[in-house]
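These numbers were taken from a predicted model, which means no experiment stands behind them. The chain is numbered in sequence order, starting from 1. Atoms within each ligand, like the ligands themselves, are counted from 1 in listed order.
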Amino acid sequence: MNRKKIVAGNWKMNLNYAEAMALADAVKESVTDDQQTHIILAPPFIYLHELVERVQPHTVVAIAAQNCADKNAGPYTGEVAASMLASVGVDYVIIGHSERRSYFREENPVLAEKINRSVENSLVPIFCCGETDESRKSGKHFDIVSQQLEACLFHLDKSRIRECVIAYEPVWAIGTGVNATALQVEEMHRCIRKTISEKYGVEVSGNISILYGGSVTPQNAAGLFSVPDVDGALVGGASLKAGDFISIINAMEKVATQ
Ligand code: PGA
């Protein structure tokens, strides 16, 4: 399987304008177009348009939004439509991040609509799934993640789901400094691929990139990237420092070219 290798940086609600541009420039200068690893930068909405232009002409660097509206257009103050993101050249959109689920009460039905708006507008969703500490302790983590996939993605037809990227992000590992172990990641990524293959077949599931996210650092990246079924990472905190993010990209590139 020749799955796309991806290192995505989720900047969340961080960085002022000058800091954001400097970080994007540093990342852009560190990559070459013949590398295997695709880089995705997910800045706050306000920087998206400029960053799309700034990272050109690179073919390996793309820009993602961190969210989009579940509606097409209309009187929804403060919302940003998927069509607007597409119209300024954004390629990806993160859907279902645990911070959206917990702080903004986004549940599976609304996330399924956001997925629809994304794919209708040719944006690639980076769909986040993952269990809480509580559900892992009660042994329900595989069920929870499978349910998230089924509720938010499994209404898509084959041609659409194969375009999606999935990010497994255990809630207890996000921003905590405690990453999932290689074994935990391997088991969950295998479960995700199996769940997809039961619905869509092995050819589709074998081609979907599954990223790991949750306290990825330059120190643990190489270990996580060598886990079977891991096709890259969705990085939060460590994506805000150019040196750290570039080290993580380099770790992915090393594994991808082995
Ligand atoms: P973290 O965040 O790398 O800071 O844990 C990951 C994420 O929220 O995507």
Query - Contacts of type side chain to side chain contact (heavy atoms under 4.5 Å, CB included), residue S197, not counting sequence neighbours - result: V202, S205
Report task. Applying side chain to side chain contact (heavy atoms under 4.5 Å, CB included), name anything that partners S83, two or more places apart in sequence or on another chain. Result -> A81, N121
Report task. Working to the nearest 0.5 Å, report the span between SG of C152 and CD1 of I115. Result ->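 It is 6.5 Å, given to the nearest 0.5 Å.
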Query raised in the report: Quick one: are I95 and I126 in side-chain contact, heavy atoms under 4.5 Å?
Result: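 The answer is no; the side chains never approach within 4.5 Å.
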**Report entry** Close aromatic pair by centroid cut-off 6.0 Å: Y212 and F225
**Finding:**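 Judged by ring-centre distance (under 6.0 Å), Y212 and F225 do not meet the cut-off.
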Report summary line: By ring-ring contact (aromatic ring centres under 6.0 Å, His included), H141 pairs with (sequence neighbours left out) none
**Report entry** Amino acids contacting ligand 1, non-hydrogen cut-off under 4.0 Å
**Finding:**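 Lining ligand 1 at under 4.0 Å, by heavy atoms, one finds N10, K12, H97, E169, A173, I174, G175, G214, S215, L234, V235, G236, G237.
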